[in-house]
Protein chains: 2
Amino acid sequence: MAGAPRKESRTGAANTITADLVAVLVAVTDGEPKIMTIANAAALPSGPFEFTHRSLQMGLRAWVEAQTGHPLGYVEQLYTFADRGRAGGAKSPHSISISYLGLTREDKVGQGFEAHWSGWYEYFPWEDQRAGLPASLAKTLASRLRAWAKSADTTSLQRERWQRAAITFGFDDREWNEELVLQRYELLYEAGLIPEALRDGAPATTVIPGKPMTGDHRRILATGIARLRAKIKYRPVVFELMPAEFTLLQLQRSVEALAGRLVHKQNFRRLIEQQQLVEETGAIAADTVGRPAKLFRFRHGVLAERAVAGTKLPLSRT
Amino acid sequence: MAGAPRKESRTGAANTITADLVAVLVAVTDGEPKIMTIANAAALPSGPFEFTHRSLQMGLRAWVEAQTGHPLGYVEQLYTFADRGRAGGAKSPHSISISYLGLTREDKVGQGFEAHWSGWYEYFPWEDQRAGLPASLAKTLASRLRAWAKSADTTSLQRERWQRAAITFGFDDREWNEELVLQRYELLYEAGLIPEALRDGAPATTVIPGKPMTGDHRRILATGIARLRAKIKYRPVVFELMPAEFTLLQLQRSVEALAGRLVHKQNFRRLIEQQQLVEETGAIAADTVGRPAKLFRFRHGVLAERAVAGTKLPLSRT
DNA sequence: TTGGCTTATACTTATCCTGAGCATAATCGA
DNA sequence: TCGATTATGCTCAGGATAAGTATAAGCCAA
């Protein structure tokens with residue numbers, strides 16, 4: 001059994017599958033994060049990987065270009081998973097989905113396509129903590145999750161469940177961690193509080209606000225949001241979402257929109273400037289309320305100059 | 001063209017492919033990182049995904065268990081890529097590889113299998129900077145890469161190439177960044193300095209030290225090392241590689257082995273202790289040189305208590 | 001038995017980063 | 001001219017981090 005790597009299946013040609021490419025395509029417009037959707041805003045763009053594609057990413061690019069009429073810029077792979085064909089019960093997977101995160105600007109999308117942009121917080125209302133949570137939603141979430149925890153068989157399991165909920169949602173005076181998007185989604189799924197869970201067989205109840213999507217698409221979207229929220233902290237990827245020129249406040253609003261929380265204005269400015277990520281264009285923003293702001297542009301040089309990466313080890317410099 | 005998500009290929013059943021599961025299985029023994037290899041240490045364990053597998057990860061687990069005789073512990077997905085069938089020229093891919101990172105202990109591997117452990121620095125000698133680079137290798141790398149940079153057509157391209165080399169390898173007094181494992185490998189590939197490049201058609205030259213692997217396996221290994229080096233900094237994954245009880249120095253040596261560089265002893269201890277990652281067992285290490293050290297064990301509670309994640313945004317707490 | 005070697009462990013120090021807040025500048029409109 | 005609003009400069013305190021000093025506790029050989 002142990003042996004050289006094999007490219008052929010041991011049971012012959014029967015174990016062949018199809019591969020779907022799924023895109024989480026993000027843009028930020030007017031301080032709101034948007035994703036490209038199809039099928040009446042219930043699905044992410046996705047298409048099959050075909051032999052004419054030279055590579056997985058090329059396949060995705062080709063597909064998105066056909067959809068939007070514009071070439072795709074920044075793309076990175078998210079995750080690959082096997083479709084369980086959940087609706088069909090315990091079938092083993094005959095198809096896998098390879099998901100990607102793409103960043104673009106809304107204005108780059110051609111017209112005349114069925115696809116359109118949807119605000120991503122329509123699918124994840126609890127992820128927008130910029131104005132705090134709507135009191136109603138906050139209360140609902142906490143009480144429903146507490147009920148779910150209580151419904152466990154043993155006390156230790158009950159405690160475990162509530163601890164998990166408290167960590168991911170920041171209950172009991174814990175800090176909100178904006179990166180736990182996927183963990184929160186999966187918790188709600190397990191707790192049977194979202195439509196996808198009911199669809200897959202959880203007992204019927206009132207669900208929590210938030211639009212569902214077909215298949216695993218909302219899970220993929222959660223993965224994409226989590227990745228992006230993590231990435232904007234150590235790589236200058238926000239600029240893929242910005243117009244060529246922008247004010248620091250616009251930049252800040254975009255970051256806040258993605259992170260789902262507010263940042264300290266003066267410190268944000270300091271952070272951006274000391275990293276020399278931007279340079280002044282010399283121009284001044286027009287049509288603004290209050291004191292006019294300088295316009296900046298991304299200093300593309302940084303991409304070549306640096307290889308940003310955080311370190312948390314007490315390294316020796318010698 | 002734009003439309004609902006389709007699971008079927010538009011050209012019929014012809015676009016089916018096979019999926020291989022590839023494992024980067026890591027252990028650390030005596031302060032040396034090892035990976036499980038097969039095929040005379042020239043390939044990573046890999047096996048086809050089959051319909052009997054309930055999920056991708058289950059497929060991988062089943063496969064590794066069959067190989068090593070032990071259940072696999074920590075597993076995370078690395079990356080999915082399409083095999084170009086490089087040897088065959090410009091063929092489009094009919095097979096994809098889904099790679100995983102697995103962490104275990106060497107002593108958990110059963111005997112009587114063809115697979116065995118190899119030190120990962122045999123494949124990446126330049127990644128071990130614990131004792132600094134062997135002077136010979138350092139000199140070779142720098143001069144070969146400089147030559148490659150010089151061989152570019154335009155001066156600006158030459159500058160670009162050398163800048164890239166300097167950033168990834170820490171030339172010109174730049175800091176060494178241990179996370180850039182993949183970037184370094186790909187640079188060497190592009191520069192035609194490793195056997196895989198020659199195999200794929202680069203002009204013949206003397207290659208740089210470091211064992212090659214079949215197919216893309218050394219690239220996958222680089223991906224796994226990079227991921228692990230990044231992850232040990234913000235998640236307590238090292239403990240998956242440690243025995244049940246260990247001294248702080250042993251823990252430090254393992255981290256150093258993975259990171260390929262030394263850490264400051266006192267600060268490392270402080271970091272570990274203040275995060276409360278470990279607890280004393282009460283016992284004292286035997287058979288040691290110098291003052292005997294306390295034995296510690298991983299506090300598994302932290303996994304439930306916390307959701308560790310670094311933040312780099314100037315967030316407002318209000 | 002003692003001095004030397006090795007590792008463990010406790011503290012100190014200087015520096016930098018980060019969150020937070022104060023103060024002032026510049027623009028518009030009532 | 002006042003008030004509202006945003007831009008921008010600056011300070012400050014606390015915490016984290018890199019590095020070094022000092023002491024403790026074993027072993028071993030002279």
Side-chain angles (χ1 to χ4, degrees), chain A residues 30-31 129 175-178 232-234 245-256 259 261-296 308-318, chain B residues 30-31 175-178 232-234 245-256 259 261-296 306 308-318:
Chain A
D30 298 327
Q129 303 257 342
E175 290 227 337
W176 173 261
N177 183 337
E178 72 279 355
I232 50 174
K233 290 172 188 166
Y234 61 96
E245 304 195 351
F246 48 84
T247 69
L248 289 182
L249 184 60
Q250 284 166 350
L251 183 63
Q252 180 185 344
R253 293 290 177 238
S254 292
V255 169
E256 290 175 335
R261 51 192 312 187
L262 302 176
V263 307
H264 185 282
K265 190 172 179 173
Q266 297 94 317
N267 290 348
F268 177 78
R269 158 188 298 272
R270 178 177 60 188
L271 200 69
I272 299 295
E273 283 176 343
Q274 84 186 6
Q275 294 183 245
Q276 298 179 289
L277 293 174
V278 298
E279 61 190 4
E280 298 184 14
T281 66
I284 298 283
D287 295 333
T288 59
V289 183
R291 172 172 170 179
K294 290 180 192 162
L295 283 173
F296 292 83
V308 216
T311 178
K312 284 281 186 186
L313 288 180
L315 297 169
S316 287
R317 279 181 184 154
T318 43
Chain B
D30 298 327
E175 289 228 338
W176 173 260
N177 183 337
E178 72 279 358
I232 50 173
K233 290 171 189 166
Y234 61 96
E245 305 195 350
F246 47 84
T247 68
L248 290 182
L249 185 60
Q250 282 166 352
L251 182 64
Q252 180 185 344
R253 293 290 177 238
S254 292
V255 169
E256 290 175 335
R261 50 192 313 188
L262 300 177
V263 307
H264 184 281
K265 189 172 180 175
Q266 297 93 318
N267 291 347
F268 177 78
R269 157 187 298 272
R270 178 180 58 193
L271 199 69
I272 299 294
E273 282 176 345
Q274 86 186 4
Q275 293 183 246
Q276 298 179 288
L277 293 174
V278 298
E279 61 191 5
E280 298 185 14
T281 66
I284 298 284
D287 295 332
T288 58
V289 182
R291 173 174 169 179
K294 291 179 193 162
L295 283 173
F296 291 83
R306 282 207 286 272
V308 216
T311 178
K312 284 281 184 186
L313 288 180
L315 298 169
S316 287
R317 279 180 185 156
T318 43

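Protein chains get the first letters and strands the later ones, always in sequence-line order, with residue 1 at the start of each.
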**Request:** Please tell me if the side chains of B/L277 and B/F296 come closer than 4.5 Å, counting only heavy atoms from C-beta onward.
**Result:** no

**Asked** To the nearest 0.5 Å, how far apart are CD in B/Q266 and CG in B/L248?
**Response** 12.0 Å

**Prompt:** Hey, does B/Q252 have a side-chain heavy atom less than 4.5 Å from the side chain of B/I272?
**Reply:** no

**Prompt:** With distance as the sole criterion, do the side chain of A/Q274 and the base of C/dT18 form a donor-acceptor contact below 3.5 Å?
**Reply:** no

**Message:** So, does B/K294 get its side chain near the phosphate of C/dA8, meaning an N or O under 4.0 Å from OP1 or OP2?
**Reply:** no

**Item:** Distance in angstrom units between A/L271 CG and C/dT18 C1', rounded
**Value:** 9 Å

**Request:** Round to the nearest Å and state the distance from A/R269 atom CZ to C/dT18 atom P.
**Result:** 18 Å

**Message:** A side-chain contact here means heavy atoms from C-beta on lying under 4.5 Å apart; do B/L251 and B/F268 qualify?
**Reply:** yes

**Request:** Quickly work out the B/Q250 CD to C/dT7 P distance and round it to whole Å.
**Result:** 13 Å

**Length of the CG-C1' vector between B/L251 and C/dA8, whole Å** = 15 Å

**Asked** In Å and rounded to the nearest 0.5 Å, what is the CZ to CG distance from B/R253 to B/L262?
**Response** 7.5 Å

**Request:** Figure out the CZ/P separation between B/F268 and D/dA16, and round it to whole Å.
**Result:** 18 Å

**Message:** Can you measure B/Q252 atom CD to D/dA18 atom P for me and round it to whole angstrom units?
**Reply:** 13 Å

Sort me out a list of protein N/O and nucleotides 26-30 of chain C N/O pairs below 3.5 Å, or just none if empty.
{"unit_1": "C/dA26", "atom_1": "O4'", "unit_2": "A/R291", "atom_2": "NE", "d": "3.3"}

**Request:** Please state how far atom CG in B/L248 lies from atom P in C/dT9, giving the value in whole angstrom units.
**Result:** 6 Å

**Message:** Measuring from atom CD of B/E256 to atom NZ of B/K265, what distance do you get when rounded to the nearest 0.5 angstrom?
**Reply:** 10.0 Å

**Fill in**
For B/E245 and B/Q250, the nearest pair of non-hydrogen atoms, with its separation, is O-OE1, 4.4 Å

**Message:** If I take atom CD in residue A/E273 and atom C1' in nucleotide D/dG9, what distance separates them, rounded to the nearest angstrom?
**Reply:** 10 Å

**Request:** Start with the C-alpha gap between A/I284 and A/L295, add the side-chain angles, then the distance that decides, and say whether side chain to side chain contact (heavy atoms under 4.5 Å, CB included) holds.
**Result:** CA-CA 5 Å; A/I284 298 283; A/L295 283 173; over 6 Å; no

If you restrict it to nitrogen or oxygen atoms, what contacts under 3.5 Å exist between nucleotides 12-16 of chain C and the protein, and what is each distance?
none

**Message:** Does D/dT8 have its OP1 or OP2 closer than 4.0 Å to a side-chain nitrogen or oxygen of A/K265?
**Reply:** no

**Request:** Describe the nucleic acid contact of B/L249 in one word from base, sugar-phosphate, nothing, applying a heavy-atom distance below 4.0 Å.
**Result:** sugar-phosphate

**Prompt:** Can you tell me how far the CZ atom of B/R291 sits from the NZ atom of B/K294, to the nearest 0.5 Å?
**Reply:** 8.0 Å

**Item:** Per B/A293 side chain, nearest of listed nucleotides D/dG20, C/dG21, C/dT9
**Value:** C/dT9

